[in-house]
Amino acid sequence: MSDVTIFDKIINREIPAQIVYEDASVLAFRDIQPQAPTHVLVIPKKKVARFSQLADLSPQDVGQFFAGVAKVAAQLGLDKNGYRVVVNNGRDGQQTVEYLHAHILGGRSLTWPPG
Ligand code: 5GP
């Protein structure tokens, strides 16, 4: 069993977050340190720690996670101008919270490549 993270506490409503979307499969909330005008994190309710452990989820759960990301981005009004979905994985990927999460970044023209 993996360690309890800040995102476990958000999903269990033990600490507050600005929740923007929830369904049976995913929870989405605003990042506490936004890197773009819109910066929302989406987590699957069935937990894995990292993207590299995605195969531990069922194909259905993986699909619902990614479909949830797209749905949240659309609900945030980002479809017209576009947005970026980022998943940091492990040390070199600068992952700081060991609960799989997708960052949705939008609301401005983003630069490339990332640092
Ligand atoms: P990572 O670096 O693991 O890809 O992203 C973790 C993200 O979680 C960071 O962007 C960070 O700002 C965000 N974060 C860390 N702690 C909290 C918190 O308590 N609440 C919220 N809403 N976001 C957090």
Side-chain angles (χ1 to χ4, degrees):
M1 194 161 127
S2 56
D3 292 340
V4 174
T5 70
I6 200 90
F7 294 172
D8 292 279
K9 292 180 180 174
I10 288 174
I11 214 166
N12 291 328
R13 304 306 202 267
E14 292 166 16
I15 64 164
Q18 279 188 270
I19 292 169
V20 298
Y21 178 80
E22 180 170 24
D23 65 21
S25 305
V26 301
L27 182 73
F29 50 93
R30 295 195 186 276
D31 196 291
I32 205 166
Q33 275 193 294
Q35 303 300 316
T38 300
H39 186 174
V40 164
L41 304 170
V42 185
I43 63 175
K45 288 196 169 172
K46 288 197 183 149
K47 180 183 180 182
V48 289
R50 295 182 173 193
F51 185 81
S52 55
Q53 296 168 1
L54 211 59
D56 292 346
L57 296 177
S58 71
Q60 187 183 7
D61 289 335
V62 172
Q64 285 172 339
F65 175 58
F66 280 104
V69 173
K71 188 171 181 179
V72 170
Q75 288 198 358
L76 292 166
L78 298 175
D79 268 353
K80 182 168 177 277
N81 289 341
Y83 56 91
R84 185 171 294 162
V85 176
V86 173
V87 180
N88 297 324
N89 187 85
R91 187 192 62 190
D92 283 358
Q94 307 299 326
Q95 182 178 4
T96 59
V97 179
E98 292 282 330
Y99 190 129
L100 172 64
H101 52 282
H103 298 252
I104 299 174
L105 297 149
R108 66 173 167 85
S109 185
L110 299 163
T111 58
W112 189 264

- Task: First locate atom CD of Q94, then atom OG1 of T96, and finally report the distance between them rounded to the nearest 0.5 Å.
- Result: 9.0 Å
- Task: Measure the shortest side-chain to side-chain distance between I43 and I11 over non-hydrogen atoms and say whether it is less than 4.5 angstrom.
- Result: yes
- Are there more than 12 heavy atoms of other residues, nucleotides or ligands under 6.0 Å from atom CD of Q60? no
- Item | Reported CG-to-NE2 distance for the pair L41 and H101, which is rounded to 0.5 angstrom | 6.0 Å
- Message: With a 6.0 Å cut-off (strictly less than), is the heavy-atom count around NZ of K45, excluding the residue itself, greater than 12?
- Response: yes
- Flag yes if more than 12 heavy atoms outside Q18 fall under 6.0 Å of its CD atom; otherwise flag no. no
- With D23 via salt bridge (charged side-chain N to carboxylate O under 4.0 Å, His left out) - residues at least two apart: none
- Item | Any residue meeting side chain to side chain donor-acceptor pair (under 3.5 Å) with S58, in chain and number order, not counting sequence neighbours | D61
- Counting only N and O atoms by type, is there a donor-acceptor contact under 3.5 Å from the side chain of Q95 to the main-chain atoms of R91? no
- Message: Within the 4.5 Å heavy-atom criterion, are F65 and L57 side-chain neighbours or not?
- Response: no
- Pairwise ring pair (Phe, Tyr, Trp, His ring centres under 6.0 Å) hits with a residue in residues 26-51, at least two apart: F7-F29, H39-H103
- Should L105 and Q35 count as side-chain neighbours, where that means a heavy-atom distance under 4.5 Å? yes
- What heavy-atom pair brings G68 and V26 nearest, and what distance separates the two atoms? CA-CG2, 4.3 Å
In a table with atom names and distances, give each donor-acceptor pair under 3.5 Å that connects a side chain of residues 70-88 to protein atoms at least two apart or in another chain.
| residue | atom | partner | partner atom | Å |
| --- | --- | --- | --- | --- |
| K71 | NZ | Y21 | OH | 3.1 |
| R84 | NH1 | T111 | O | 2.9 |
| R84 | NH2 | T111 | O | 3.0 |

- Item | Residue pair D3, Y99: steps toward the side-chain contact (heavy atoms from CB on, under 4.5 Å) verdict | CA-CA 9 Å; D3 292 340; Y99 190 129; over 6 Å; no
- Query: With the 4.5 Å side-chain cut-off for hydrophobic clustering, are L27 and V20 part of the same group?
  - Reply: no
- Mind checking side chain to side chain contact (heavy atoms under 4.5 Å, CB included) for I15 and listing every partner two or more places apart, or none if nothing turns up? I6, K9, I10
- Would a distance-only check, ignoring hydrogens and angles, find a side-chain to backbone donor-acceptor pair under 3.5 Å from D31 to Q33? yes
- Item | Sequence-distant partners of R13, salt bridge (charged side-chain N to carboxylate O under 4.0 Å, His left out), two or more places apart | E22
- Residues V48 and D56: closest non-hydrogen pair is CG1-CB, 3.9 Å
- What are the two closest non-hydrogen atoms of P37 and R108, and how far apart are they? CD-CG, 3.7 Å
- Task: Mark yes or no for whether N89, through its side chain, and R50, through its backbone, hold a donor-acceptor pair below 3.5 Å.
- Result: no
